[in-house]
Each structure stands twice: as structure tokens, then as C-alpha cells.
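Take a look at the structure set out below.
Atoms within each ligand, like the ligands themselves, are counted from 1 in listed order.
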Amino acid sequence: MANVLRNSAKFGFSGVLSQLSIHSRHGRECVSPCFSLQQRNNSTSPKIKVDLDNSTGVAVLRMQSPPVNSLSLDFLTEFCINLEKLEMDKSCRGLIITSTLSKVFSAGLDIMEMYGKSPERCGEFWKAVQEMWLKLYGSNMATIAAINGSSPAGGCLMSIGCDYRIMADNPRYSIGLNETQLGIVAPFWFKDTLVNTVGNRAAELSLELGLLYSAPDALKIGLVDQLVPEDQVLSTAQDTMSKWLAVPDHARQITKSMMRKQTIDKLLSNREADITNFVSFITKDSIQRSLRMYLEMLKSRKA
Ligand code: CO8
């Protein structure tokens, strides 16, 4: 714990998180999720491109994994490594996340990572999903999602993990936690993040019905903060970021921690149980059947 406190001065809020996440509940040190993730990152073409502007201190992280920026284990690994690097870089104060693909921000978790996979692999995958959310939701940087396309499920989680959301004003783009539509259940920390964003009642309706909101409807319930014409999503995010960065970092970071720490701590203290729950749920025959039907539905929409 002393280490954690020492490092909190050095790395701030998210530094505390990564420190906590490398200790087992029994106090034994285990392999850092970041290191174990790094070893697995063997993809050849980067799925993510990061540009840090040293004059503004703002990094733009572009997701570029066609066809739909689905969050596979490889993708999440790369995402976490990039986030960790930016977090450690003192010159980086703000992060904008966007997509290079037309029409899609992110299609959420890669369904193929949850279908027909061994329990061990599912566990590894889920740990990476947790890590992505812990790093993003607990980031010391000011974070803005520049949502230039549809953003269902895990894509929505990534968006609501940011501090502010700007979406393309296009009614054909949708966003939401639609898990129940796939016959699966959004875990408690997805739910908590949504409640923290839109309030309890809107979250309840949204989660039970697995609603995907068009961009205008998402604005109405506060799931996104602002709609702008599609070609202005990134420039608006840059302008908005300068307002966020006008606030002294330490005051904003401590306030952010005050707002989010309880939600983050809940997952940190239940992380292993959450992995066990996910693995036993997702590998059930009935859930695998639901996922297969959903995949078939996605394919048949094209035919
Ligand atoms: N994972 C894997 N493959 C996908 C995914 C996905 N999430 N989404 C789309 N694809 C595939 C399609 O099957 C298709 O493959 P192929 O070319 O081989 O036929 C290809 O990507 C392109 O898809 P579309 O033609 O549908 O592309 P469009 O541009 O027309 O539409 C959309 C883009 C809107 C993103 C659309 O693809 C879509 O709606 N996708 C499904 C999104 C979705 O429902 N995601 C949910 C994932 S589950 C999740 O994130 C949280 C799970 C929490 C688990 C908790 C358990 C306890």
C-alpha cells in the first residue's frame, strides 16, 4: 500500500489503479496486466494510431481496425498499451478518441472472442475488457469521445468511459448498451457507468430493453453531450478540449477521482469474481446459442 501511495503522487489517480491492479487480494505481486498484455500483442498492422501534439498536450487516438473496430483481445491490448504510454507522458494532458472508419466508431466487443472459445481464453479476454475500462474511466487525462459513427455495446462503454461525448448529428448512427438484445447481460460496472452518465431511470429502461439510441435520442437522454455535423466532430472535440484543459489539472483530476473512485473500486475489489462470472455465463450452451443466432442475424442483414 505504501508503494501505491508513493506512486499516487507520481502517477496520480490512474497510476494508483494500475498499481492496485498488479496486486492480488492476498498482497502477493502478480504479473502486471500491462506486461502480460504486451507479450500477447503480436499483430502486425496497428489497429490504433496515436498522434500527440506537444504544443497543446492533446493526443488523438484513432481506431483503425476494419471493418468495425470491434474490440478483440489484440485490439484491447494495443489500446491499453497506448493509454498507459500517454498516461505516463507528462506532456499529455488530454485525449480524444475517434475512428478512422466511415459510419462506425466501434461495434463493441468482438463477438468472435466470446463465441466457441475456451474458458481460459474467455477469461483472458474479459480481463483485457476490464483493463480497458479501468484505464479509461480512471484516466488522469481529460478524455473526449469524438463519436463519428455507430457505437453499440462495448463502443458505448468506451464512450461513456470518457469525460465528454461529441457525436455526429446523423440519425442513422446509434449508441447504447444493447446487450440484452444479444441475450447477454451487461455486467454491473457497465451498468454503473451508464447510471453515472444518464441517471437510474434512463439506465434501467435502456439496459432492460437493450436500447440503441439514434444520435438525436442519445442527446435527449444525456448519453452524449453534444451533436455536431459529421465533418466537425474532431474539430469540435479539439475546441472543447481546450476548455477542459483551461481548468487546473490537479483540481480536475481530484474532482474526477471523487466522482468515479467508488465505481472503480467496486470492480477492483470484485475483479476475479467478475471474470469467473463472465466465463461461466458466456460459455453456457444457451448463451452460445444466442450469440450464434445474433452472428447469423448480422450476416443475413447483408445478404
Ligand atoms: N464483433 C464481431 N464482428 C462484428 C461485430 C462485433 N461486435 N459487429 C459487426 N461485425 C462484423 C459483421 O458480422 C460483418 O462481418 P462479415 O463482413 O464477415 O459479414 C462485419 O463486421 C461488418 O458488419 P456490418 O455489415 O453489420 O457493418 P455495418 O457498417 O453495416 O454496421 C454496426 C456496423 C452498426 C456496428 C453493425 O455491425 C452492428 O450493429 N454490429 C453489432 C454490434 C453489437 O451488437 N455489438 C455487441 C457486442 S457485445 C458487447 O460489446 C458487450 C458485451 C458484454 C458481455 C457481457 C456478458 C456477461
- Among side-chain atoms of Asp192 and Tyr137, is any donor-acceptor pair under 3.5 angstrom?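 The answer is no; no qualifying pair exists.
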- Message: Side chains of Asn69 and Ser106: any donor to acceptor distance under 3.5 Å?
- Response: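 Short answer, no.
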- Identify the heavy atoms of Val185 and Glu179 that sit nearest to each other, and give their distance.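 Looking at all heavy atoms of both residues, the closest pair is C-CB, 4.3 Å.
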- Query: Between Leu136 and Met158, which heavy-atom pair has the shortest distance, and what is it?
  - Reply: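 Shortest heavy-atom contact: CD2-O, 3.3 Å.
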Distance dump, ligand 1 polar atoms to protein, N/O, under 3.5 Å:
{"unit_1": "ligand 1", "atom_1": "1 (N)", "unit_2": "Ile111", "atom_2": "N", "d": "2.9"}
{"unit_1": "ligand 1", "atom_1": "7 (N)", "unit_2": "Ala107", "atom_2": "O", "d": "3.2"}
{"unit_1": "ligand 1", "atom_1": "7 (N)", "unit_2": "Leu109", "atom_2": "O", "d": "3.0"}
{"unit_1": "ligand 1", "atom_1": "15 (O)", "unit_2": "Lys299", "atom_2": "NZ", "d": "3.4"}
{"unit_1": "ligand 1", "atom_1": "17 (O)", "unit_2": "Lys302", "atom_2": "NZ", "d": "2.6"}
{"unit_1": "ligand 1", "atom_1": "18 (O)", "unit_2": "Lys299", "atom_2": "NZ", "d": "2.8"}
{"unit_1": "ligand 1", "atom_1": "19 (O)", "unit_2": "Lys299", "atom_2": "NZ", "d": "3.4"}
{"unit_1": "ligand 1", "atom_1": "19 (O)", "unit_2": "Lys302", "atom_2": "NZ", "d": "3.3"}
{"unit_1": "ligand 1", "atom_1": "26 (O)", "unit_2": "Arg301", "atom_2": "NH2", "d": "3.1"}
{"unit_1": "ligand 1", "atom_1": "44 (O)", "unit_2": "Asn178", "atom_2": "ND2", "d": "3.1"}
{"unit_1": "ligand 1", "atom_1": "44 (O)", "unit_2": "Tyr294", "atom_2": "OH", "d": "2.5"}
{"unit_1": "ligand 1", "atom_1": "45 (N)", "unit_2": "Ala107", "atom_2": "O", "d": "2.9"}
{"unit_1": "ligand 1", "atom_1": "50 (O)", "unit_2": "Leu109", "atom_2": "N", "d": "2.7"}
{"unit_1": "ligand 1", "atom_1": "50 (O)", "unit_2": "Gly154", "atom_2": "N", "d": "2.8"}

- Parallel, tilted or perpendicular: ring planes of Trp189 versus Trp133, cut at 30 and 60 degrees: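 Aromatic pair Trp189/Trp133 classed tilted.
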- Message: Below 30° counts as parallel, above 60° as perpendicular, anything between as tilted: where do the rings of Phe125 and Phe278 land?
- Response: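 Answer is tilted, since the angle falls between 30° and 60°.
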